[in-house]
Structures are given as C-alpha cells and as structure tokens.
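What follows is one structure encoded as structure tokens, with my remarks underneath.
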Amino acid sequence: FINAHNAFKSILSKNSNKSAMVNKSSIRKTLKIMEVADIALLSDITLFTKVLRIEYDNHNFIDYYCNLQIFAKTKCKWDISSITDKDIIISNKFNDNCWCLMYNETDKDESKYELRLLYLPNGIGKINVKLSYNVETIKRKGRRKKKVHSYVQHTKHVFSYQYNRFRWNSLSKILNMSIQITKVFDTKYEVIEECDWGIYQIRNNHTCANINI
C-alpha cells in the first residue's frame with residue numbers, strides 16, 4: 001500500500017489489528033483533500049457497481065431487466081367482465097413481469113385486445129411465440145339479425161424490442177390465453193438451441209399455469 005494514504009493503511013493492511021479505529025472526521029477531511037489534490041491515491045481501490053436497468057432516449061437500444069426468469073409456456077385467465085366504467089383496461093404484469101394485456105372497447109360491436117412484451121432476458125433479441133386464445137365476434141345475418149360467434153384462435157408471432165405488440169379483436173370480457181415460446185434468438189438474431197435456454201433464464205421444462213390477472 002505504498003500509494004495509500006496514512007488514514008487508510010490501518011484498514012487496507014492485512015496485518016493490521018482488527019480493533020484499529022480510524023477517526024471519521026479525519027477520514028472526511030482526508031477525502032476532501034484527496035478529491036482536490038491526491039485523487040490518484042485511490043488507484044488501488046476497486047469499486048464494483050451492479051447495473052440493474054439502463055434506459056435510453058433512442059429506443060433502438062435494447063433494454064435489459066436484471067435476473068429475469070420466464071416460463072416458456074404460460075396459461076392465464078383475465079376476467080374483466082365486472083369492470084364497466086373503463087374503456088381501456090390494462091392487466092397486471094405476469095410471467096415475471098414479461099407480459100401484460102390491454103383491452104380497448106372501441107364500440108359495442110368491436111373491441112381490441114393487445115398482448116405486450118415488456119422485457120426479455122439478458123442476451124435475447126427476439127422470440128417466436130405460439131398463441132392460443134378465445135375469440136368472440138358478432139356475425140350479421142341480414143340487416144337486423146346478429147349472432148355471436150365464439151371460437152379458439154391459434155396463431156404465431158415474433159416478439160422483439162422493436163415489435164413488442166400483438167393485437168386482435170374480440171368482444172369477450174373473459175380471456176383464456178396460452179403463450180408458448182417456440183424459438184429463441186440472441187441479440188445477433190442467431191438461433192439458441194432449446195437445451196441452452198436455461199442459460200438465458202428461460203424455463204422450458206415448466207409451465208406457468210392458472211394465472212388470474
């Protein structure tokens with residue numbers, strides 16, 4: 001510790017007495033002096049900082065979420081039938097804050113759902129997803145007659161930070177949805193083998209089921 005200031009030698013030295021005490025006021029004075037004249041003396045002290053989140057004004061940059069662990073298969077139920085005073089409804093985040101849903105009642109005969117990707121695990125650039133969800137539409141028979149048509153829709157979609165939304169029309173206010181990740185790509189859009197998904201905190205051997213959001 002040749003470059004260390006005298007006030008810190010008793011702390012940094014491995015051979016120093018554990019009971020050595022350093023006057024706090026003297027340290028503060030020393031730090032003020034070092035900030036002005038002797039900042040180079042801190043060259044032997046390494047500081048570690050853990051970055052939890054980075055935000056950019058330029059949305060072309062990828063945003064990471066620390067310690068994300070998502071399920072490759074998710075089944076959820078969203079019941080908004082009791083909400084009558086809002087035209088736009090946003091669900092809670094689910095699957096470790098990876099997804100959320102939005103409902104927009106544009107008029108009595110048409111309403112739009114939206115599945116939105118919020119985050120991806122570190123090192124992942126995009127994912128291919130298979131979606132299954134119930135749909136309710138109105139079929140017109142003639143000028144006056146209307147008939148409600150209900151069915152389950154299956155579709156595939158690619159989610160990334162640039163394209164993080166999927167929309168569809170449905171009048172039902174009870175949504176049952178299945179989300180299954182089928183393919184994963186790194187930030188260079190190269191395929192990651194399914195056996196390596198766990199490295200990126202994607203749990204492909206488990207299903208997150210029966211989520212009420």
Side-chain angles (χ1 to χ4, degrees), residues 12 14 42-80 88-104 112-135 152-168 170 174-213:
L12 297 175
K14 294 182 180 179
L42 290 174
S43 60
D44 290 329
I45 301 176
T46 304
L47 301 178
F48 294 91
T49 302
K50 185 176 183 180
V51 178
L52 296 180
R53 180 181 174 90
I54 302 174
E55 293 189 2
Y56 302 95
D57 292 332
N58 186 343
H59 295 291
N60 291 326
F61 286 98
I62 292 178
D63 183 17
Y64 291 116
Y65 181 65
C66 184
N67 298 328
L68 184 69
Q69 293 188 12
I70 65 175
F71 291 91
K73 298 179 182 179
T74 306
K75 294 181 180 180
C76 60
K77 180 179 181 180
W78 192 30
D79 187 349
I80 55 175
I88 298 178
I89 307 169
I90 300 176
S91 76
N92 296 322
K93 296 178 286 187
F94 59 97
N95 198 356
D96 204 359
N97 299 336
C98 182
W99 306 99
C100 78
L101 289 162
M102 187 179 76
Y103 176 84
N104 184 8
K112 292 184 178 181
Y113 278 93
E114 179 181 300
L115 175 65
R116 184 173 297 186
L117 174 71
L118 301 178
Y119 296 104
L120 282 174
N122 295 354
I124 302 300
K126 68 177 181 179
I127 53 176
N128 289 6
V129 174
K130 181 180 178 181
L131 303 171
S132 299
Y133 49 91
N134 61 297
V135 177
V152 176
Q153 179 70 46
H154 304 282
T155 188
K156 296 179 180 179
H157 192 72
V158 178
F159 285 91
S160 66
Y161 284 95
Q162 289 74 30
Y163 305 98
N164 66 330
R165 302 176 183 182
F166 175 75
R167 298 185 178 100
W168 70 98
S170 178
I174 300 177
L175 173 66
N176 290 286
M177 191 171 201
S178 173
I179 305 169
Q180 181 177 352
I181 298 173
T182 58
K183 192 172 288 188
V184 178
F185 300 83
D186 62 19
T187 53
K188 295 181 180 179
Y189 299 139
E190 296 181 357
V191 177
I192 298 174
E193 297 297 329
E194 189 171 346
C195 59
D196 294 329
W197 288 7
I199 300 174
Y200 297 88
Q201 306 302 316
I202 299 177
R203 306 177 65 180
N204 57 330
N205 295 325
H206 298 79
T207 301
C208 190
N210 301 322
I211 303 176
N212 292 311
I213 53 176

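In this chain, numbering begins with 1 at the start of the sequence shown.
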How far apart are the closest heavy atoms of [X] and [Y], and which atoms are they?
X	Y	answer
Phe166	Thr155	CZ-CG2, 3.6 Å
Phe71	Asn95	N-OD1, 3.0 Å
Tyr200	Gly123	CE2-O, 4.1 Å
Gly125	Ser160	O-CB, 3.5 Å
Ile202	Ala72	CG2-CB, 4.2 Å
Cys98	Tyr119	SG-O, 3.4 Å

Does the plane of the ring in Trp99 sit parallel, tilted or perpendicular to the ring in Phe159? Use 30° and 60° as the thresholds.
perpendicular

Hey, does [Y] have a side-chain heavy atom less than 4.5 Å from the side chain of [X]?
X	Y	value
Leu101	Phe94	yes
Arg116	Asn164	yes
Ser170	Leu175	no
Ile179	Leu115	yes
Lys156	Val129	no
Arg165	Arg167	yes

Asn176: what forms a side chain to side chain contact (heavy atoms under 4.5 Å, CB included) with it, not counting sequence neighbours?
Lys77, Asn134, Ile174

